[in-house]
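Report on one structure; see the data block that follows.
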Amino acid sequence: MSAKETRLPFEPFEPRDQLAERLKKLDEIRALGFDPYPHRFDANFTFADVLDRYGSRTGPELEAERVPVRIAGRILSLRGHGKAGFAHLGGEGRRLQIYVKLDAVGERGFALFRLLDLGDIIGVSGHLFRTKTGELTVWVEDLRLLAKALLPLPEKWHGLADVDLRYRRRYLDLISSENTRRIFLARAQIIRLLRAFFDDRGYVEVETPMMHPILGGATARPFVTHHNTLDLDLYLRIAPELYLKRLVVGGLDRVYEINRNFRNEGIDAIHQPEFTMLEFYQAYSDYAELMDLTEQLFRSLVERVCGGPRIPYGELELDFGQPFARFTMREAIVKFWPQAAGAPPSLADLAAPRGPRTAAERYNAWALAQGQPPAEDAAGLSDGEMTGALFEAVAEPHLVQPTFIYDFPTDISPLSKRRPDDPSLTERFELFIAGMELANGFSELNDPEDQEERFRAQVARGGDEMPREVDRDYVRALCHGLPPTAGEGIGVDRLVMLLTNSHAIREVILFPLLRPEAAEKRESPGEEP
RNA sequence: AGGGGCGUAGCUCAGUGGUAGAGCAGCGGCCUUUUAAGCCGAAGGUCGUGGGUUCGAUCCCCACCGCCCCUACCA
């Protein structure tokens, strides 16, 4: 094949024959005296401007005005007709048709037009008119190539159908999928709104370390890295929590951070190793106030991003207009207990020693007979852990509409403050929507003795997910006095999923972590050239 | 990690135990208001990889690789 014999200036990409073809055209364009990569183009309109201002003007009105237009964009469609042709230019998610004909652009301009391909970036000058079929179009008088595309766009009818490629070549996905563009514009808007919400309430945005010498702030398996000069192993952070609370000790009474956390765990529809978390802390406050604030935040986001209180999510309709449902964890177990599994346990049963286990045994007997997933039941589970497991099996799948679950067992909440009336429970809540956990907040534990004790218990228990040493400096900070403080984390990726009706976390992360392509494996990072 | 599905032209997909097909894209030709433009022509494939069964495998069997879905752990 002749394409293979063509000498290529760089390590070629597939499809090679089309690459070679386009390189050939590039040479021909240069031979015509055009610079295929000029430095600038002075447009006088954006696509949105033209379409919004002239989209409803009639043909005769446009002819009378002869609106001069200079506009630049990518060629998204191309239809040649001998000595004339149409194309659509795309930019900012909009598109505008252009009409190029020999008489109007001259021999040299038309020769250039015939050497253009889908994907090329061009600038045109001319005036607006309406075609026979009524489409607003630029009558081109001058045509410039601004950047040659050496590789083709995705297939015009199906777009980028290969999901894997959509994530690997997000730039192509953004060109060819309007929905992808919409999702990431919404994501940017959501993050802007989050900042505005907290800025308006006197919170200070901060950035705390992403590399931690001591694991803490959550229970998760970490990534480990190494600093050469200090000869120090570091963990990529699993949570910013302990640093943010140090700042509250330091008198930043309201702080928030929007940034990445890293957890070396599984990847699925709602988990990515690198994910974005909003965490915020408010001194002189408690978890009840945060539930109110969270409800306000979600309601206002839904209103502003989606334009109303009710939003579709797959087959579901989620309603943020009503007050969010609120149940204690034990209440939720009672409420969603299936009738067929016999009489539900009472709140007192669940509070009694070994009560959660007894209830779980009854539930699991029914669940196994029904083929339903049972509550996790390991021999060593405490009453609190058993309660959590029972809640997950019995209640969690039912939490479709926005619902707060609060008063978590102390055993599964190492950083939350105990309830004064019941030390087996903590002042902690989670917000569930569409079966997903969206937020987790609590009244912060600020008793340094209790904290040190709980840290020691974690270290003693051991395992990949536990810190290997007590964060002494954090305890010291608490010794200087952390005011009564409430704090919360909100999973930003999941929030974006919800507000954009996306059903996989990879849809809302621009470049999600994927297994490297086979061909890329050879050039793995870390290898010296 | 376990179960299921998929892998055929650059892309989207048909198809058969007997040497492989369409549409789109690309290439050549015609076409000065088209829009999934149209018409004519030519080209494009080690049927994911490696073994096995068979006279013969893209098809059947085994293993591996990659991707997707479900299930278990984590936000």
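Here is the naming used below: chain letters follow the sequence lines, and residue numbers restart at 1 for every chain.
On the P atoms, B:U71 is 25 Å away from B:C64, given to the nearest whole Å. Nucleotides B:C60 and B:A43 place their P atoms 31 Å apart, quoted to the nearest Å. Between B:G48 and B:U33, the two P atoms lie 46 Å apart (nearest whole Å). Remark: the separation of the P atoms in B:A22 and B:A14 is 16 Å, to the nearest Å. One P atom belongs to B:U46, the other to B:C59, and the distance between them is 15 Å to the nearest Å. Between B:C47 and B:C39, the two P atoms lie 32 Å apart (nearest whole Å). A gap of 30 Å separates the C1' atoms of B:C30 and B:G45, to the nearest Å. For the C1' atoms, the distance linking B:U12 with B:G7 amounts to 14 Å, nearest Å.
When rounded to the nearest whole Å, the span between CZ of A:Arg221 and C1' of B:A1 equals 12 Å. One atom, NE2 of A:His503, and another, C1' of B:C70, lie 17 Å apart when rounded to the nearest Å. Atom P of nucleotide B:A25 and atom CD1 of A:Ile75 are separated by 15 Å, given to the nearest angstrom. As rounded to whole Å, 15 Å separates atom C1' of B:C67 from atom CG of A:Leu160. Rounded to an integer number of Å, the gap from CG of A:Leu78 to C1' of B:G26 is 12 Å. When rounded to the nearest whole Å, the span between CZ of A:Phe113 and C1' of B:U33 equals 13 Å. Rounded to whole angstrom, the span from the CG atom of A:Asp17 across to the P atom of B:A25 amounts to 15 Å. Put simply, NZ on A:Lys24 is 14 Å from P on B:G26, counting in whole angstrom units.
Within 3.5 Å, no donor on the side chain of A:Glu135 pairs with an acceptor on the base of B:U33, nor the reverse. For A:Asp268 against B:C74, a side-chain N or O and a base N or O form a donor-acceptor pair under 3.5 Å.
Ranked by how close their nearest RNA chain B nucleotide is to the 5' end, A:Lys101 and A:Gly159 are led by A:Gly159. If A:Glu392 and A:His88 are placed on RNA chain B by their nearest nucleotide, the residue sitting closer to the 5' end is A:His88.
In this structure, of B:U33, B:G26, B:C31, it is B:U33 that holds the atom nearest to the side chain of A:Tyr99. Closest to the A:Asp117 side chain, of the nucleotides B:U32, B:C27, B:C73, is B:C27. Listed nucleotides B:G10, B:C67, B:C31 differ in distance to A:Lys83; the shortest reach to its side chain belongs to B:C31. Here B:C74 is the nucleotide among B:C31, B:U33, B:C74 with the atom lying nearest to any side-chain atom of A:Arg263. With B:A25, B:U34, B:C73 as the choices, the nucleotide that has an atom nearest any side-chain atom of A:Glu376 turns out to be B:C73. Distances from the side chain of A:Glu21 to the nucleotides B:U32, B:C27, B:U34 place B:C27 closest. The listed nucleotides are B:C68, B:A25, B:U34; the one nearest the side chain of A:Thr131 is B:U34. Out of B:U33, B:C74, B:U34, the shortest distance to the side chain of A:Phe129 is found at B:U33. For A:Leu118, whose side chain is taken as the heavy atoms from C-beta onward, the closest listed nucleotide among B:A25, B:G10, B:U33 is B:A25. Ranking B:U32, B:U34, B:C74 by closeness to the A:His271 side chain, first place goes to B:C74.
In B:U58 the O4'-C1'-N dihedral to the base is more than 90° from 0, which defines an anti nucleotide.
Using a 4.0 Å heavy-atom criterion, one finds that A:Leu438 contacts no nucleic acid atom at all. Note on A:Glu437: only backbone sugar-phosphate atoms sit closer than 4.0 angstrom, heavy atoms only; bases stay farther off. Counting non-hydrogen atoms under 4.0 angstrom, A:Arg166 reaches nothing in the nucleic acid. Nucleic acid contact class of A:Asn261 (heavy atoms, under 4.0 Å, all strands): none. At the heavy-atom level, A:Gly85 lies nowhere under 4.0 Å from the strands shown.
A distance of 6.0 Å or more separates the ring centres of A:Tyr235 and A:His212. Here the two rings, on A:Phe404 and A:Phe429, have centers that are under 6.0 Å apart.
Within the 4.5 Å cutoff, no side-chain heavy atoms of A:Ser416 are placed close to those of A:Glu427.
The one candidate from A:Glu257, A:Glu241, A:Glu279 that meets the side chain to side chain donor-acceptor pair (under 3.5 Å) condition with A:Thr208 is A:Glu257.
Between A:Lys25 and B:C27, a side-chain N or O to OP1/OP2 separation shorter than 4.0 Å is present. Residue A:Arg79 has a polar side-chain atom (N or O) positioned under 4.0 Å from OP1 or OP2 of B:A37. Checking the phosphate oxygens (OP1, OP2) of B:C68, a side-chain nitrogen or oxygen of A:Arg506 falls inside 4.0 Å.
Side-chain N/O atoms of A:Arg187 and A:Thr276 include a donor and acceptor closer than 3.5 Å.
A salt bridge is defined here as a Lys NZ or Arg NE, NH1 or NH2 lying under 4.0 Å from an Asp or Glu carboxylate O, and A:Asp173 with A:Arg181 fails to meet this definition.
With a cut-off of 3.5 Å on both pairing distances, B:A9 has no Watson-Crick or G-U wobble partner at all. Of all nucleotides present, only B:C30 satisfies the Watson-Crick or G-U wobble test against B:G38, with each distance under 3.5 Å. Remark: B:A63 base-pairs with B:U49; criterion is Watson-Crick or G-U wobble with both hydrogen-bond distances under 3.5 Å.
The two residues A:Tyr167 and A:Glu507 come nearest to each other via the heavy atoms OH-OE2, 2.7 Å.
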ring-ring contact (aromatic ring centres under 6.0 Å, His included) evaluation trace for A:Phe280 with A:Phe197: CA-CA 12 Å; A:Phe280 58 95; A:Phe197 185 89; 8.2 Å; no
Verdict with reasoning, A:Asp52 to A:Arg94, per salt bridge (Lys or Arg N to Asp or Glu O under 4.0 Å): CA-CA 11 Å; A:Asp52 294 346; A:Arg94 312 287 291 269; 3.2 Å; yes
